[in-house]
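Structure first, then comments.
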Amino acid sequence: MSIQEKIIAAAMGGVKDLYGAEVPEKMIQLQETRPEFEGELTLVVFPLLRTSKKAPEATAQDMGQYLTEKCPELISKFNVVKGFLNLSIASAQWIQMLEEIEHNHKYGFTPVTEQSPLVMIEYSSPNTNKPLHLGHVRNNLLGWSLAQIMEANGNRVVKTNIVNDRGIHICKSMLAWLKYGNGQTPESTGKKGDHLIGDYYVAFDKHYREQVKELVAQGMDEETAKQEAPLIKEAHDMLVRWEQNDPEVRALWKKMNDWVYAGFDETYKALGVSFDKIYYESETYLEGKEKVEEGLAKSFFYRREDGSVWADLTKEGLDEKLLLRSDGTSVYMTQDIGTAKLRFQDFPIDKMIYVVGNEQNYHFQVLSILLDKLGFKWGKDLVHFSYGMVELPNGKMKSREGTVVDADDLVATMVQDARAMSEDKIKKLEGITEEETAEIARIVGMGALKYFILKVDARKNMLFNPEESIDFNGNTGPFIQYTYARIRSILRKAEAQGITIPETLPTGAELSAKEVSLIQHLHGFAAAVRQAGADYNPASIATYCYELVKEYNQFYHDFSVLREEDPAKQVVRLALSAAVAQVVKNGMSLLGIEVPERM
RNA sequence: GGUUCGGUAGCUCAGUUGGAUUAGAGCAGCAGCCUUCUAAGCUGCGGGUCAAGGGUUCGAGCCCCUUCCGAAUCACCA
């Protein structure tokens, strides 16, 4: 039972003994005491006034008296400010709490068992016609972090990726490669496959627009020209041949997609993300048609004279939604239904989370209704983890204007910056090798990038200015990593000096306010993990880590661990430091951020 | 126009189910602190009509209503 729970139980008893009435638990409002007042926990008595029929001060006084007399081992003293009863908790209680946290290396995490709910998280979901950019980076980091958080909350997690590997956009790249590629390959050019394909996508667009321009110059109106340009016709023709399983087109398609996948794999590896199961739209898009036919048979959907199939969602306050085109081919929605079908065949999903940008809020609103109608039990409560766009100072990223921030470039820049940053500092570290230096630069650079993105509330659009490098000081990933490295250094030195943390901590030591506050904050990790899971909110974990570390740095500045002469105080401080390091490491792992032993 | 989501310091962002005279961090600016466990740190100063107005109550940045500003979306594109 935690200290909070003990106090709440005692306070409920107090209300009954003092005022003769049972009150529900939520009437006992316990919160952390503000730093400017004495005490650690505060009981807000306003909700109890109706029961006590006394003034706030008098009620708080009653309760304070009762609690100190009833549980002297728990509460050492109290003070009353208006309707706020500030309680000082006995040092021994805090030390005991610290001991529990320090012993449990997975403190705050709920174990996963065979019976745990199965949560599938879809994220990343790239197109195979261009390399990943900053928007994908946000998606991947959020998806990965969310997966870690769900797992820490005791869910079995299946991370999945749906690759959009078919459609007109891939045909454009293929066609451009055939026309202008001269047989280039990733090997012959030394270029990552995804970047190579991206170049051809751009090349297609360039030539296509030239053709359109030419047709317009010949007097054709622009809309017609866009449809009549020979290149786009060829691309459409290629798509038809693809759908007809033309061996030549399929072979080219496979070859080029494989180049892209090899490129993506490198980027995913650098970002530290992975998937348990990858789906390809080329394999799922036909499945959706069957489900639509099923829905048609059950009259969930209807067919128009031209043959197209629609869902009427006006009763749900939405529009009518197209599910199959008049030529019988499927649209985006149909594919998502097909993918859902396959997924449910593969896994007994209890909850489905889609990590997809907020531009698709409407799509998922509709998808949820459709999946529910079609009998997917998780359809109704599917979670669209909707995140905002990454904007540049002059607006959105636009590939046509060349303002896209490339994922690989960004990663390389971050690691480079971290390297430059650490150059002079790291030399001070004893016996540092080139490998370790490079590894630290990687960890710190990625830490800065990941934290920069994840600390922002996912729902919000966020700003990235390529002109300004991402910070390494202040509220940043490296700041947190640095604190971890400092603690590890203390722990190494303590070990070398033969100072160890005993199984049972001495409870006699008097704790400073800063130490108590740190233990309290450590204790809050479990609640922070729970909250992050309930809200699907990685940013709250980032904030938690920052605040914990900020507090530890103050402690670090004001107190010494190794030079403390009272052995009881020393081991408590050592245990406190070890616990902070452990919680920081676990917290950062929920963000997919590694922590270095030295930096 | 409908729907959804945002608006907090010069800039980037926190702010748990409503709680305490003074709404917090970081960056940028200024001023201090390294013979002592790593200065990627610590301390201090300046900086705000929490978009505006009304309401609910012991109490509102947070809840309700109206208005203003911004974003996304409302395709036989994905």
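Each chain gets a letter, A, B and so on, in the order its sequence line appears, and its residues count up from 1.
Stacking annotation: A/F46 is stacked on the base of B/G19 (ring centroids less than 5.5 angstrom apart, interplanar angle below 30 degrees).
Counting distance only, with no hydrogens placed and no angle test, the side-chain atoms of A/S326 and the base atoms of B/C76 include a donor-acceptor pair under 3.5 Å.
None of A/I593, A/V584, A/L548 except one satisfies the side chain to side chain contact (heavy atoms under 4.5 Å, CB included) rule with A/I480; the exception is A/V584.
Listed by chain and residue number, nothing satisfies the ring pair (Phe, Tyr, Trp, His ring centres under 6.0 Å) test with A/Y482 (two or more places apart in sequence, or in another chain). Under the rule for a salt bridge (Lys or Arg N to Asp or Glu O under 4.0 Å), the partners of A/E222 that lie at least two apart in sequence or sit in another chain are A/K226. In terms of the ring pair (Phe, Tyr, Trp, His ring centres under 6.0 Å) criterion, residue partners of A/F555 (sequence neighbours excluded) are, by chain and number, A/Y552, A/F559. For A/E391, the salt bridge (Lys or Arg N to Asp or Glu O under 4.0 Å) criterion is met by no residue, not counting sequence neighbours. Applying the salt bridge (Lys or Arg N to Asp or Glu O under 4.0 Å) criterion to A/R419, with sequence neighbours excluded, gives A/E423, A/E434. With sequence neighbours excluded, the residues that form a salt bridge (Lys or Arg N to Asp or Glu O under 4.0 Å) with A/R303 are A/E293.
Under 4.0 angstrom from either OP1 or OP2 of B/G41 there lies no side-chain N or O belonging to A/K425. At the phosphate of B/C77, OP1 or OP2 sits under 4.0 Å from a side-chain N or O atom of A/R325.
For residues 570-581 of chain A, the salt bridge (charged side-chain N to carboxylate O under 4.0 Å, His left out) pairs, not counting sequence neighbours, are A/E515-A/R573, A/E564-A/R573.
For the P atoms, the distance linking B/A28 with B/C64 amounts to 38 Å, nearest Å. A distance of about 24 Å separates the P atoms of B/G41 and B/A9, rounded to the whole Å.
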- Starting at the 5' end of RNA chain B, what dot-bracket string do you get if Watson-Crick and G-U pairs under 3.5 Å are bracketed, crossing pairs use [ ], other-strand pairs use | and unpaired bases use dots? (((((((..((((.....[....)))).(((((.......))))).....(((((..]....))))))))))))....
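Picking from B/G41, B/G26, B/A78 the nucleotide with the shortest atom distance to the side chain of A/F479 gives B/G41. Considering only side-chain atoms of A/Y362, the nucleotide from B/G26, B/C76, B/C74 that sits closest is B/C74.
Nucleic acid contact for A/Y546: sugar-phosphate only, since backbone atoms but no base atoms lie under 4.0 Å from a heavy atom of the residue. Counting non-hydrogen atoms under 4.0 angstrom, A/Q481 reaches nothing in the nucleic acid.
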Filtered N/O pairs between nucleotides 5-15 of chain B and protein, under 3.5 Å:
from, atom 1, to, atom 2, distance (Å)
B/G6, OP1, A/R459, NH1, 2.7
B/G7, OP1, A/K460, NZ, 3.2
B/C13, OP1, A/L463, N, 3.2
B/A14, OP1, A/D457, N, 2.5
B/A14, OP2, A/K460, NZ, 2.9

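One atom, CG of A/D336, and another, P of B/C77, lie 16 Å apart when rounded to the nearest Å.
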